[in-house]
J.: 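For reference, the structure I am asking about is given below.
Residue numbers begin at 1 in each chain, while the letters A, B, ... track the order of the sequences. Note that this is a predicted model, so its numbers are computed, not measured.
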Amino acid sequence: MSENRIPALEVKHITKRFPGVVANDDVNLTLCKGEILALLGENGAGKSTLMNIIYGLYKPTEGEIYVNGKKAEMRNPKDAIALGIGMVHQHFQLVPVMTVAENIMLGAESVKKNGLLDIKKVAREITELSHRYHLDVDPYATVEDLPVGVQQRVEIIKALYREAEILILDEPTAVLTPQEIEGLFEIMKRLQAQGKSIIFISHKLKEVLYISDRIVVLRDGKVVGETTPAEATQEKLAAMMVGREVILTVDKKPARPGDVVLEVKNLRAKSDLGDEALRGVSFQVREGEILGVAGVQGNGQTELVEVITSLKKAEGGQVIINGEDMTNASPRAITQKGQSSHVPEDRHAYGMVSTYSVADNLVLNTYNLPPFAKGITVNRPAIIEHAEKLIQEFDVRTPSPHTMAGSLSGGNQQKMVVAREFSRPIKLLIAAQPTRGIDVGSIEFIHNQIVAKRDEGVAVLLVSSELDEIMSLSDRIAVMYKGEIIDIVPREEATRENIGLLMAGVKRGEKVSVAG
Amino acid sequence: MSSPTRFKKTSLIALAVAIVLIIIGIVVNLLPIPDDSMWRVLFGVSTLNFTLRATVPLALGAMAGILCERTGIINIGIEGMMLAGAFAGFVAKVATNDWPLMASLLVGVAAALAAGAAMGYIHALFSIKFKMDQIISGTFLILLAGGLTSYLFNPDSVAEGKFSPIAIPFLSKIPVIGDIFFNNPPITYAAFIIVIALHIGLFHTKWGLRSRAAGEHPRAADTVGINVNFYRYLNTTLGGMVAGLAGGFLVLEAVGQFQEGMTAGRGFISLAAMIFGNWMPFGALGAATLFGYTQGVQNALLLAGVVNIPRHFISMLPYLVTIIAVAGFVGRVRPPAAEGKVYETEGSSE
């Protein structure tokens with residue numbers, strides 16, 4: 001692999017300052033020919049900034065970049081592309097309404113003698129590339145109709161079409177399903193076998209250990225260490241990333257369940273597409289316990305949370321909170337009268353207003369109550385004071401309470417949502433995918449907060465598609481399958497195997513039938 | 001999943017309406033229907049001729065809109081660009097009244113194009129460089145053109161002569177179709193050529209691919225090394241030129257004189273045609289034809305002296321149809337995704 005150690009890309013003493021922030025601080029990095037180099041770091045550690053500098057999107061404040069031993073001047077992505085650097089961005093840079101071929105040729109168009117675009121030639125070249133690298137894709141498909149995994153393939157082909165020798169993959173696994181991630185890793189191995197050099201950016205420890213030849217860890221804009229998968233462990237990597245010991249398993253006392261807080265009886269609901277998403281769901285959550293809802297995505301978990309929080313109408317059944325029937329009550333009644341809070345699955349759509357300040361986001365569901373409301377006006381000083389307190393308490397890394405929430409990193413946005421939802425006096429907490437797409441440090445923090453709420457006597461309903469998360473937090477585990485709770489298992493009896501089988505729809509005691 | 005096809009169909013509806021109109025027109029005019037029949041009033045050659053004359057500025061205005069908006073610049077200032085073009089064309093024509101007619105008219109056209117281009121460039125400058133809200137900038141252009149042209153206009157000046165029809169050999173001899181399509185003055189022909197050229201340009205050339213990318217997902221364009229704002233400046237200026245030509249048409253080809261506020265809302269109806277046509281050149285042409293036809297019918301009904309409907313109601317017809325068409329199709333059309341958003345390269349994204 002990298003025995004010969006010929007550097008393909010060298011980054012020397014790169015510093016990048018944004019107003020008020022040093023995103024990269026004297027970073028040195030070498031990528032050898034034919035190796036997969038993992039760049040590991042928490043959100044906001046400066047990984048994406050560094051890659052954007054290499055790709056010519058940002059200009060470094062100081063420092064130099066060498067490609068194949070020669071000093072390179074990257075004024076814009078064009079220069080980087082010309083030097084054989086290709087980048088697959090975390091948020092795909094594809095035009096949804098255009099076809100695959102149009103997207104791939106954009107900026108590097110093939111033109112016929114008469115001046116018109118030569119789509120056919122491009123399509124042929126795409127087919128050729130997809131055969132060579134096993135990247136199956138239809139050149140004439142419209143991008144918005146394609147699943148995320150296929151869109152990513154289009155991005156990779158886009159780089160290969162420009163004859164990239166160095167590929168930068170920025171958080172490529174964040175948006176993929178486990179099967180798609182496996183597919184991506186196969187592609188990466190194949191690209192490596194064909195002599196491409198790859199920078200793989202991630203904050204997922206397992207992936208980094210699995211796929212890379214070498215690992216460089218970035219923290220607060222600085223390179224804090226370099227290692228190999230052979231030498232490293234998840235714990236070591238996590239400690240390097242965060243800068244202190246991280247406990248990857250949650251330490252918690254046995255639950256002491258009290259009265260029933262949330263009771264769901266025979267709940268029925270339709271999905272947005274109109275099919276039966278909930279088909280008679282019943283369960284109870286008691287004070288001081290965490291009920292984890294496991295299941296493969298799309299088995300009704302989303303709808304379950306939406307119906308309980310009244311974001312979706314129940315077609316049948318009951319939602320009883322604190323002994324009161326709250327089926328189809330207004331969302332405000334659920335939060336205020338029901339004394340519940342909700343950490344939604346999609347924080348951008350339901351959890352926050354990206355264009356509002358952090359301070360305003362922190363009072364989204366209490367702005368109408370004193371002390372934040374003063375008659376018909378809002379009490380600014382009280383809102384700011386409240387924000388400063390929560391920012392401190394929940395370790396939200398933001399330049400100020402007035403910063404636009406959308407400009408924070410994912411982990412800090414989520415901590416902001418958690419701060420708002422956890423800081424009210426509540427009896428019921430509904431947390432859906434509370435740590436999706438965020439960094440290890442933030443995950444640890446949020447997990448501890450959830451357990452702390454439980455110990456205060458709050459009833460917690462935790463919905464997650466990460467089995468690890470369910471296993472480490474829950475006191476009881478409910479498994480959803482095709483709109484039903486197929487079983488509820490006490491934590492002591494749960495193993496990855498039996499929960500995994502339940503997630504696949506196989507009930508306890510049932511034999512796995514070959515035909516099924 | 002099927003959304004893209006659905007959106008494509010919407011623009012075809014507009015085009016189909018126009019084609020059906022033409023077919024009915026041909027049939028009615030070939031059949032021995034008496035002159036005073038309602039069919040003749042609604043679909044006679046003179047009604048359709050008038051329709052075409054009303055359609056040309058609307059179609060050009062819509063093309064101007066498509067040019068700007070496909071790269072992401074909202075242009076509600078078409079009305080102002082048209083008026084500026086009309087006035088500049090008029091002034092240039094008056095100044096060269098003693099030149100040979102054709103030369104003088106062509107100078108008028110050049111002036112109309114230049115005035116439109118200047119307006120387009122101002123809009124681009126405000127929208128891109130000064131990051132002004134594009135609706136405000138467009139409104140400013142409308143007010144500027146309205147105020148300036150009425151202040152500078154000298155009602156005593158007279159433009160002598162206007163473009164006359166040029167019959168296309170052979171094609172103009174085709175019954176009905178020849179009379180309607182192939183015996184027109186030059187800007188009318190130019191309008192059709194512009195529609196076709198814009199369609200080919202947008203969907204089959206490098207320029208079009210890059211322009212559309214700039215309007216749909218500017219960052220994607222930027223990451224492959226395309227200068228988004230260059231295309232935005234270029235196309236907004238080109239759009240201004242086309243709108244200026246629409247104004248030139250009114251003065252140099254349709255009316256022969258300038259009148260204060262003579263665009264009379266055509267810029268806004270053009271916008272409606274652009275939306276109804278789903279930002280597609282042929283779709284917008286179809287929509288412009290529909291709106292032009294309502295003006296043709298309005299004219300024909302007024303001339304025919306239809307007494308039992310008050311003429312004010314007939315005069316409302318074009319505007320009513322515009323409102324119904326746009327209201328009925330909102331939600332079924334899809335504007336360019338990045339429309340109206342300033343694009344900045346450095347540090348604008350996470």
Side-chain angles (χ1 to χ4, degrees), chain A residues 16 18-19 23 43-44 48-49 52 55-59 75-82 86-99 101-112 114-119 141-146 155 158-159 161-162 406-410, chain B residues 1-11 69-72 196-231 278-280 333-339 341 343-350:
Chain A
K16 173 71 183 174
F18 288 115
N43 283 328
S48 292
T49 305
N52 283 330
Y55 194 63
L57 280 166
Y58 294 166
K59 283 165 203 72
R75 281 159 312 210
N76 54 46
K78 234 187 208 165
D79 294 339
I81 293 166
M87 181 154 169
V88 174
H89 299 261
Q90 188 176 0
H91 305 282
F92 298 153
Q93 300 301 323
L94 297 171
V95 182
V97 295
M98 289 188 185
T99 64
E102 284 179 318
N103 267 292
I104 287 174
M105 71 152 88
L106 182 65
E109 296 86 350
S110 259
V111 177
K112 288 186 276 197
N114 58 11
L116 300 186
L117 293 173
D118 198 346
I119 295 261
T142 303
V143 164
E144 67 185 343
D145 293 343
L146 299 174
E155 280 278 36
K158 198 165 117 185
Y161 181 80
R162 289 163 171 75
S407 68
L408 302 186
S409 73
Chain B
M1 279 310 199
S2 59
S3 50
T5 19
R6 196 187 84 203
F7 286 118
K8 266 176 205 152
K9 270 184 195 149
T10 308
S11 68
E69 302 211 350
R70 279 283 185 172
T71 48
I196 295 166
L198 185 56
H199 176 85
I200 294 172
L202 272 181
F203 298 105
H204 299 283
T205 70
K206 192 157 117 175
W207 164 79
L209 187 70
R210 292 178 173 198
S211 300
R212 284 186 291 135
E216 290 286 349
H217 195 333
R219 193 165 171 83
D222 193 10
T223 56
V224 292
I226 291 168
N227 184 341
V228 170
N229 286 337
F230 166 78
Y231 283 91
N278 199 14
W279 287 266
M280 299 287 217
V333 293
R334 175 154 71 171
E339 200 177 61
K341 293 181 195 140
Y343 183 68
E344 287 170 286
T345 311
E346 173 111 355
S348 55
S349 153
E350 65 242 69

J.: State the CD-CH2 distance between A/Glu109 and B/Trp207, to the nearest 0.5 angstrom.
T.: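 Here the rounded value is 13.0 Å.
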J.: Pick from B/Ile200, B/Thr223, B/Thr205: which one has the most heavy-atom pairs with chain A under 4.5 Å?
T.: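 Counting heavy-atom pairs under 4.5 Å, the top option is B/Thr223.
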J.: Given the options B/Ile226, B/Asn227, B/Leu209, which has more heavy-atom pairs under 4.5 Å with chain A than any of the others?
T.: B/Leu209
J.: Let me know if A/Lys112 has heavy atoms under 4.5 Å from chain B in its side chain, its backbone, both or neither.
T.: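 Interface part for A/Lys112: neither.
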J.: Run the numbers on B/Arg219 and A/Leu57 for side chain to side chain contact (heavy atoms under 4.5 Å, CB included), then give the verdict.
T.: CA-CA 10 Å; B/Arg219 193 165 171 83; A/Leu57 280 166; 3.7 Å; yes
J.: Applying side chain to side chain contact (heavy atoms under 4.5 Å, CB included), run through B/Val224 and A/Arg162 and close with a yes or a no.
T.: CA-CA 10 Å; B/Val224 292; A/Arg162 289 163 171 75; 3.6 Å; yes
J.: With a 4.5 angstrom heavy-atom cut-off, which part of A/Ala23 approaches chain B: side chain, backbone, both or neither?
T.: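 Neither part.
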J.: Identify which part of A/Leu106 has an atom lying under 4.5 Å from any heavy atom of chain B, answering side chain, backbone, both or neither.
T.: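 For A/Leu106, backbone and side chain are both near chain B.
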J.: Give the intermediate values and the outcome of side chain to side chain contact (heavy atoms under 4.5 Å, CB included) for residues A/Met98 and B/His217.
T.: CA-CA 10 Å; A/Met98 289 188 185; B/His217 195 333; over 6 Å; no
J.: Which heavy atom in B/Gly225 sits nearest to a heavy atom in A/Pro77, and how many Å separate them?
T.: N-CB, 4.1 Å
J.: Out of A/Asn76, A/Leu94, A/Val111, A/Asp118, return the one with the most heavy atom pairs under 4.5 angstrom to chain B.
T.: A/Leu94
